[in-house]
Number of protein chains: 4
Amino acid sequence: MSDQEKLIEQLFDSEDDLTEKQKKIIIAAIESFAEKGYASTSTSEIAKKAGVAEGTIFRHYKTKKDLLLFIVAPMMAKLLAPFVIKDLNKVLNQKYDRFEDFLRAMIENRLKFLNNNMDLFKILIQEIPFQPELKEQFKEHIVLKVYDRFKQIVEHYQEKGQIIDLPPTRVIRMAASSIFGYLIARNLIFPEVDWDDETEIEETIRFIMHGLSPKR
Amino acid sequence: MSDQEKLIEQLFDSEDDLTEKQKKIIIAAIESFAEKGYASTSTSEIAKKAGVAEGTIFRHYKTKKDLLLFIVAPMMAKLLAPFVIKDLNKVLNQKYDRFEDFLRAMIENRLKFLNNNMDLFKILIQEIPFQPELKEQFKEHIVLKVYDRFKQIVEHYQEKGQIIDLPPTRVIRMAASSIFGYLIARNLIFPEVDWDDETEIEETIRFIMHGLSPKR
Amino acid sequence: MSDQEKLIEQLFDSEDDLTEKQKKIIIAAIESFAEKGYASTSTSEIAKKAGVAEGTIFRHYKTKKDLLLFIVAPMMAKLLAPFVIKDLNKVLNQKYDRFEDFLRAMIENRLKFLNNNMDLFKILIQEIPFQPELKEQFKEHIVLKVYDRFKQIVEHYQEKGQIIDLPPTRVIRMAASSIFGYLIARNLIFPEVDWDDETEIEETIRFIMHGLSPKR
Amino acid sequence: MSDQEKLIEQLFDSEDDLTEKQKKIIIAAIESFAEKGYASTSTSEIAKKAGVAEGTIFRHYKTKKDLLLFIVAPMMAKLLAPFVIKDLNKVLNQKYDRFEDFLRAMIENRLKFLNNNMDLFKILIQEIPFQPELKEQFKEHIVLKVYDRFKQIVEHYQEKGQIIDLPPTRVIRMAASSIFGYLIARNLIFPEVDWDDETEIEETIRFIMHGLSPKR
DNA sequence: TATGAATGAGGATTCATTCAT
DNA sequence: TATGAATGAATCCTCATTCAT
């Protein structure tokens, strides 16, 4: 629980005024939503697990859906935050000469984040298809903001001749597929396997780099 | 509808005795489950959409979950069928000299299948995490049967020196990630984009082949 | 109960297909609404009193308010029906030479109706101020249709010199006040008093007639 | 608001110690009760409208019903006060030779009061049927006190030969019906009409006087 | 076989009321 | 005195499931 709590604080730090009860509700909700799905989780169940009265939930979140959004929206924001910083290019130029290094840095950073917040990530991908608000947020964040950044990055390294000269969309998709493929295999499909993260990540980077190497 | 019907017939041919009403129920259920999720779809809604009485659904499928399983289980079986045929190796030896050709054949075949049954695929991946029966079926089919086949195939081409000498698990994951990444991007995330299937598939294959090419 | 049932059948005859359960629900609802008010009556209470499951109520009437409207709307229609018949004037010319006779006929007829349906009338006047749908129906029926008829009638007897030459609106209000005053006193304020209907009505008519007699 | 406040002060002057907050609560409650009915108004709504915390309401009025009674009871008292004064007969002998003058004085006085307190009057007549406490107060005040006075008055003018020799109950009912009929038509049924109070009142008096004139 | 009325447990939500601050 | 978070019973309503026809 103390682990969970830290994560919660991290994720919801913007609104520092989270009551003890609010935290409990959120922790309980995340746990239940991840385990049984949003629609199959009853508010009474969350209340029981959180050790509060059912009414308390509705005092803080007008509806069950509000609770979901309150939980999931910051997750999306935090997840994508690093890609939305300004002057990303400058940072890149100075920091990562090679695409591979950029890739490694990003994977390590974001993968750690996701591994630590797997329940939230699970809720996110489960509910995006069914919650128009989330879908919209997702499109807006991903498509408009993050994609733009990635495109610049890809073009940057393409100009440097480090990666193959394909439409950035495609390049991004391929890299992203490989990364998320690992994330999902590791956490959702075979969580019981004893993964050697370091090796897997290195190999995934190698796979992507070879796959994207400029034509010989 | 006639399209849908054909697919239904294909998928459920094993039990040839599907009533007209049963078909309608299944079509309606697939549509609704895919659109709103299993838990958020009511049986009365399915009945209305199918044009039958509520009781009729329960005459054919004892519970709502039975209906789900009846829909999803054959899907999984059909999807994986080609990989479960005996003597796959022999076939391979004779048919596909190159891993790339095998890959291409498989992608074309299975991707077409999935594209045609996207609603079902959506239900499948949405519900596997929440339905123990499905999870079990999935593990059994995938892990025990399909993985074994794939392992043999990968080892076969590794012996031939066509692909890199990594643990087959990892090889399979990487290839699978790339393929499913395309499938999901195309159908679920950006269905509105006008995809050039042929090119995308060719490029995906190229990506995988380069990524998996033996070290120089 | 059998009395009640007859009334119910009379009032809701248009839709002859009222189930046994539906009738029970309506009778229970009328009783409770009249006794405690619409807002203070719970659906579970109605269900219990009607001897049906709570769900049954909602199978027949989508919402609690629908139930109210289903009960109250026909009441309003039936109450006003006699005044909406065409050729009322002709009827009058032939039938009632004197305003007094018209008044007597009307009071006897409508007052009997209201006395028999006091619960419904109570619900009607209690809820009209709070239910926009009812308010609208009321205005439409009363103001547009019934008032028009009454106006014609009043003018008819004014031309004959039988009643005072005041704006019909005012004439109608005065007559109506006296009649409803009696109705309300008799049934709502002092229901325990042993009223001599015949005398009271005769006296009320006398009061109205004198009050409306043309100036000497 | 200042209008409202004055009225409040007038009505609740007996307990001079009304806090600013208490006044706000009462004003808010009157407004909401009149608009949506007692049962359909939530205490949180009143609190919000009054700009106080929910708890504050319950600090001053133990229950929601207490609040209602605190609002409605003084209304009833004030409304009826003039009729409860002692030595009414003396007053009458000296002041009003004619029943008509008495009627006019009373209507003008009480009707003005009611017109100014229509919200309260609305709440009163809406809730009397459902609140036993109010019903009892009403019966006690009206039946025991006011009716007695009115009876004396009626008999007084009957002795003088000014009004018809009918049971006072009936006489009172008829006059009251006409007066309340006007009040209700004017304020509740057709508030949007531009009423000419003076004429209407004069005509109402005329109607009553004629209706109650001794037999010729 | 098919129906759809009936069920009643369970769902989300509201609400009057309490109580620690 | 005033607050407003917390409560949990009660509310309206939904839903999967049953069963007589």
Side-chain angles (χ1 to χ4, degrees), chain A residues 17 19-22 24-25 39-48 50-67, chain B residues 19-22 24-25 39-48 50-68, chain C residues 17 19-22 24-25 39-48 50-67, chain D residues 19-22 24-25 39-48 50-68:
Chain A
D17 46 352
T19 321
E20 206 53 41
K21 305 235 168 195
Q22 282 189 68
K24 278 185 193 161
I25 291 171
S40 301
T41 301
S42 73
T43 50
S44 81
E45 201 184 328
I46 295 171
K48 207 174 291 168
V52 303
E54 214 175 336
T56 307
I57 295 177
F58 290 92
R59 172 159 291 277
H60 293 294
Y61 313 94
K62 265 214 266 285
T63 48
K64 190 184 163 194
K65 190 178 283 180
D66 275 12
L67 174 58
Chain B
T19 323
E20 204 53 41
K21 305 229 167 197
Q22 283 190 65
K24 276 185 192 162
I25 291 170
S40 301
T41 301
S42 72
T43 49
S44 81
E45 200 184 328
I46 296 171
K48 203 178 294 168
V52 303
E54 275 200 73
T56 309
I57 293 178
F58 290 90
R59 177 151 301 279
H60 293 293
Y61 314 94
K62 263 222 269 282
T63 57
K64 191 185 165 193
K65 189 178 284 181
D66 276 11
L67 174 58
L68 173 68
Chain C
D17 47 352
T19 321
E20 204 53 42
K21 304 232 168 198
Q22 282 189 67
K24 278 186 193 160
I25 291 169
S40 301
T41 301
S42 73
T43 50
S44 81
E45 200 183 328
I46 296 172
K48 207 174 292 167
V52 303
E54 210 174 339
T56 307
I57 294 177
F58 290 93
R59 173 158 290 277
H60 293 294
Y61 313 94
K62 265 217 264 285
T63 47
K64 191 186 163 193
K65 190 179 282 180
D66 275 12
L67 175 58
Chain D
T19 323
E20 204 52 43
K21 303 227 169 200
Q22 284 189 65
K24 276 186 192 159
I25 291 170
S40 301
T41 300
S42 73
T43 49
S44 82
E45 201 184 327
I46 295 171
K48 204 177 293 166
V52 304
E54 275 199 73
T56 308
I57 293 178
F58 289 91
R59 177 151 299 280
H60 293 293
Y61 314 95
K62 262 222 272 283
T63 57
K64 191 185 163 192
K65 189 177 285 181
D66 276 11
L67 174 58
L68 173 69

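Since the model is a prediction, treat every value here as computed from it, not as a measurement. First the proteins, then the strands, lettered A, B, ... as listed; each starts at 1.
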Asker: Calculate the interatomic distance between C/His60 atom NE2 and E/dT7 atom C1'; express it in whole Å.
Answerer: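 Atom-to-atom, C/His60 to E/dT7, this comes out as 12 Å.
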Asker: Could you write out DNA chain F as dot-bracket? Rules: Watson-Crick or G-U wobble, both distances under 3.5 Å, brackets [ ] for crossings, | for pairs with another strand, dot for unpaired.
Answerer: .||||||||||||||||||||
Asker: Tell me, do B/Tyr61 and B/Leu68 make a side-chain contact under 4.5 Å, heavy atoms counted?
Answerer: no
Asker: Determine the minimum heavy-atom distance between A/Glu45 and A/Thr41, stating which atoms define it.
Answerer: OE1-CA, 3.9 Å
Asker: Less than 4.5 Å apart, any side-chain heavy atom of A/Ile46 and any of A/Lys64?
Answerer: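 A/Ile46 does not reach A/Lys64 side chain to side chain.
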Asker: Judged by each residue's nearest nucleotide on DNA chain E, which is more toward the 5′ side, C/Thr56 or D/Lys62?
Answerer: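 The residue closer to the strand's 5' end, by nearest nucleotide, is C/Thr56.
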Asker: Please list, for nucleotides 9-11 of chain E, all pairs of protein and nucleotide N/O atoms separated by less than 3.5 Å.
Answerer:
none

Asker: Just checking, is any N or O donor in the side chain of D/Ser44 or D/Glu54 under 3.5 Å from an acceptor N or O on the other one?
Answerer: no
Asker: Tell me the closest heavy-atom pair linking C/Ile57 and C/Leu67, and the distance in Å.
Answerer: CG2-CD2, 4.3 Å
Asker: If each of D/Ala53 and C/Lys65 is mapped to the nucleotide of DNA chain F with the nearest heavy atom, which maps nearer the 5' terminus, i.e. the 5' end?
Answerer: D/Ala53
Asker: How long is the line joining CZ of C/Phe58 and C1' of E/dT7, in whole Å?
Answerer: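 So the two atoms are 14 Å apart, to the nearest Å.
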Asker: Please identify each residue that fulfils side chain to side chain donor-acceptor pair (under 3.5 Å) with A/Ser40, with sequence neighbours left out.
Answerer: none
Asker: Atom CD1 in C/Ile25, atom CZ in C/Arg59: separation rounded to 0.5 Å?
Answerer: 11.0 Å
Asker: Would you mind telling me which residue lines up with the more 5' stretch of DNA chain E, D/Arg59 or B/Arg59, judged by nearest nucleotide?
Answerer: B/Arg59
Asker: Residues two or more places apart in sequence or in another chain: which of them pass side chain to side chain donor-acceptor pair (under 3.5 Å) with A/Thr56?
Answerer: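 For A/Thr56, no residue satisfies side chain to side chain donor-acceptor pair (under 3.5 Å) once neighbours in sequence are set aside.
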Asker: Ring pair (Phe, Tyr, Trp, His ring centres under 6.0 Å) with C/Phe58: which residues, sequence neighbours excluded?
Answerer: none
Asker: Test your reading of the model: is there a side-chain donor-acceptor pair from D/Thr63 to the backbone of D/Asp66, 3.5 Å cut-off?
Answerer: yes
Asker: Using the heavy-atom set of chain A and a strict 4.0 Å cut-off, write down the first and last nucleotide of DNA chain F that makes it in, 5' to 3'.
Answerer: F/dA5 to F/dG8
